[in-house]
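Right, one structure below, let's go through it.
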Amino acid sequence: MANSLLPPEERNLTPAQVEALDKRRDLGHTLLVIACQFTAIATVLLLWVGQDLTYSPGWAHPMAYYFALAICIVLGCGVTGLILRRGTPRLD
């Protein structure tokens, strides 16, 4: 009998398809970990962004640029990781 906890599209997969599915979900988990790590980095950068924007002359705002880059990485890796991790998690 098929496992009723699995979504219908995953109930009749071949072993090769199951392996590809696990690799996809592992990559998604890795991207979510990267997003969480960059969230911590962005939080620390946020401490300096206000001072950088206030006291740096002209367009010289390196902390603001680093913060914007960190936010882009968080959003990109986080959304991609969530998309790749969709479905029922594997039970170890």
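The first residue of the sequence shown is numbered 1, and numbering continues consecutively from there.
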Worksheet item: CG of L75 to OG1 of T80: how many Å apart, nearest 0.5 Å?
Response: 10.0 Å

Worksheet, complete the sentence: Tracing side-chain contacts under 4.5 Å among Ile, Leu, Val, Met, Phe, Trp and Tyr outward from L32 reaches L82

Worksheet entry | I41: partners by side chain to side chain contact (heavy atoms under 4.5 Å, CB included), with sequence neighbours left out | F38, L45

Fill in: Any residue meeting side chain to side chain contact (heavy atoms under 4.5 Å, CB included) with I83, in chain and number order, not counting sequence neighbours
V79, R86

Fill in: Residue pair V49 / M63: nearest heavy atoms and the distance that separates them
CG2-O, 3.9 Å

Worksheet item: Among all residues two or more places apart in sequence or in another chain, which pass the side chain to side chain contact (heavy atoms under 4.5 Å, CB included) test with L46?
Response: F67

Response to the item:
Heavy-atom closest pair (L53 atom, A64 atom, distance to 0.1 Å) is CD2-CB, 3.7 Å

Fill in: Pairing residues for T54 by the side-chain hydrogen bond (donor to acceptor under 3.5 Å, both in side chains) criterion, not counting sequence neighbours
none

Item to complete: Of all the heavy-atom pairs spanning G28 and L84, show the shortest one and how long it is.
Response: CA-CB, 3.6 Å

Item to complete: Check whether V44 and I71 end up in the same hydrophobic cluster, where Ile, Leu, Val, Met, Phe, Trp and Tyr are linked by side-chain heavy atoms less than 4.5 Å apart.
Response: yes

Worksheet, complete the sentence: Rounding to 0.5 Å, atoms CZ (R85) and CG (L27) come to a distance of 10.5 Å

Fill in: side chain to side chain donor-acceptor pair (under 3.5 Å) contacts touching residues 34-52 (sequence neighbours left out)
D52-S56

Worksheet, complete the sentence: d(E19 CD, L13 CG) to nearest 0.5 Å is 12.5 Å

Fill in: Considering all heavy atoms, the nearest W59-Y65 contact
O-OH, 2.6 Å

